[in-house]
Visitor: 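Below is the structure I would like to discuss, written out as structure tokens.
First the proteins, then the strands, lettered A, B, ... as listed; each starts at 1.
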2 protein chains.
Amino acid sequence: MASAKDRILDSFEDILIKEGERAATMDAVAAAAGVSKGGLLYHFPSKEAMVEGLCQRLEALTEDDAVKIGAAPEGAARYYVRTSHYVDSPLDRAIVAVARLVQQGHPAAAHAFSRIQDLWLKALEEALGSRPLAQAVKLMGDGLYYSATFFSGNAQPADVTEVEMEALLEQVDALVARN
Amino acid sequence: MASAKDRILDSFEDILIKEGERAATMDAVAAAAGVSKGGLLYHFPSKEAMVEGLCQRLEALTEDDAVKIGAAPEGAARYYVRTSHYVDSPLDRAIVAVARLVQQGHPAAAHAFSRIQDLWLKALEEALGSRPLAQAVKLMGDGLYYSATFFSGNAQPADVTEVEMEALLEQVDALVARN
DNA sequence: GTCTATATTGTGATAGAC
DNA sequence: GTCTATCACAATATAGAC
């Protein structure tokens, strides 16, 4: 069984993703994690501490992913854009959850988010050998990620189908081939 | 002098952009607009009504912009990506403000946002004559917009310089030329 | 390590004077 | 049209029992 701390962070993530930051109260998180409010406050003495815990989880998961970008057989550009399609992985969940916190001005979340963007851009630039190309690729991936995860719950606007993703990856290939 | 309703919406926007949704309380908006809470509630009888008012402003501004996309001398693709650079225009401010509301799950905001994305994609597709191309261009613009406006206040991570924007527009030109 | 109170403050909304 | 109370409720956090 996962530790109480992990279960609490899982529940915190879940509510942030599905219902937004405002719904992610200490009360709601405690109930979802199956502990009392007092029990939650034993593990995370303040809400800020809980936010901090989630940020640390995100940074660790991103560092792993940055390594994978450089090692992807299909190439860094394709890997980045393809994995920018939200699939509810632990990394995806952590990203979206922390993104919600950033939008509310939580300083720790903003710092963590800024740092992971840097990690990705640097990994792309190193693998592709061109900064403008790395930026164009990153923007496509970010735009994709953004449109898929922006809306709370399942109210996504422009869901990308498999066919559209293939067409998009061809556009990416064209850019890489040109540079 | 602007009407009281407009001043209230301006202040609502301002706080949403700079401090996030949580800070945009009725109290804070009233104070920033220079009216009392009771005064505010005369114009907008509930917070939901105030949200609705901002959404209507956004939709009107976007409809104007969609027309400009089709008429841009530099071409629709260049126009879209270039104007995706946040410049604090009335449209930019409305977009970011409503974006903050979407992230909190306000249904009216989600609906308005979904609608304006549709307007833009359709305008691009019509002007460029290709759906995959329109999507790739839109994603680059959205990614750009997203990274520039995602963070509250001025805590922007990957601010794009003029030189970088030119390099990016060249990538866009390459895509358009290929299709 | 987890619980039940409870204190304290912030937030949306109402009532009614001017 | 705008104001000053004031209410009802929700949110973070504390204290102390088990």
Visitor: Which label fits F150(A) and F113(B): parallel for a plane angle under 30°, tilted from 30 to 60°, or perpendicular past 60°?
Guide: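 Because their plane-to-plane angle is under 30°, the rings of F150(A) and F113(B) count as parallel.
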Visitor: Between P on dT11(C) and CD1 on I15(B), what's the gap in Å once rounded to a whole number?
Guide: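 From I15(B) CD1 to dT11(C) P: 11 Å.
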Visitor: Could you give the CZ-to-C1' distance, from F44(B) to dT11(C), as a whole number of Å?
Guide: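 Distance, rounded to whole Å: 19 Å.
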Visitor: Could you tell me whether K138(B) sits above the aromatic face of Y80(B), with NZ or CZ closer than 6.0 angstrom to the six-membered ring centre and within 45 degrees of the axis?
Guide: no
Visitor: State which of dT2(D), dG12(C), dT12(D) makes the closest approach to the side chain of K47(A).
Guide: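 Of the options given, the side chain of K47(A) lies nearest dT12(D).
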Visitor: List in chain and number order the residues that pass side-chain contact (heavy atoms from CB on, under 4.5 Å) with A109(A), two or more places apart in sequence or in another chain; answer none if no residue qualifies.
Guide: C55(A), V98(A), L101(A), V102(A), H106(A)
Visitor: Measure the distance from CZ on F12(A) to P on dA11(D) and round it to the nearest whole Å.
Guide: 14 Å
Visitor: Contact class for S36(A) (heavy atom, under 4.0 Å): base, sugar-phosphate, or nothing?
Guide: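 Here S36(A) touches the bases of the nucleic acid.
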Visitor: Is L40(A) touching bases, backbone alone, or none of the nucleic acid, heavy atoms closer than 4.0 Å?
Guide: nothing
Visitor: As a test of reading the structure: which of dT2(D), dG12(C), dA11(D) is closest to the side chain of M26(B), going by heavy atoms?
Guide: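 Among dT2(D), dG12(C), dA11(D), the one nearest the side chain of M26(B) is dG12(C).
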Visitor: Using a cut-off of less than 4.0 Å, is there contact between a side-chain N or O of Y42(B) and OP1 or OP2 of dT2(D)?
Guide: no
Visitor: Does any non-hydrogen side-chain atom of D14(A) lie less than 4.5 Å from one of R93(A)?
Guide: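 Yes - at least one pair of side-chain heavy atoms lies under 4.5 Å apart.
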Visitor: Check the distance between dA13(D)'s P and H43(A)'s NE2 and give it to me in whole angstrom.
Guide: 17 Å
Visitor: Quick one: does NZ or CZ of K68(B) land under 6.0 Å from the six-membered ring centre of Y79(B), within 45 degrees of the ring axis?
Guide: no
Visitor: From the list dT12(D), dC3(D), dA13(C), which nucleotide is the closest neighbour of the side chain of R22(B)?
Guide: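 Looking only at side-chain atoms, R22(B) lies closest to dT12(D).
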Visitor: Consider the side chain of A4(B), meaning its heavy atoms from C-beta on, and name the nucleotide among dT2(D), dG12(C), dT12(D) that approaches it most closely.
Guide: dT2(D)
Visitor: So if I take every side-chain heavy atom of K37(A) and compare against dG12(C), dA13(D), dT2(D), which nucleotide ends up nearest?
Guide: dA13(D)
Visitor: Considering heavy-atom distances to DNA chain C, does G38(A) or L41(B) have its closest nucleotide positioned more toward the 5' end?
Guide: G38(A)
Visitor: Between I8(B) (CD1) and dG1(D) (P), how many Å, whole number?
Guide: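 In whole Å, dG1(D) P and I8(B) CD1 are 12 Å from each other.
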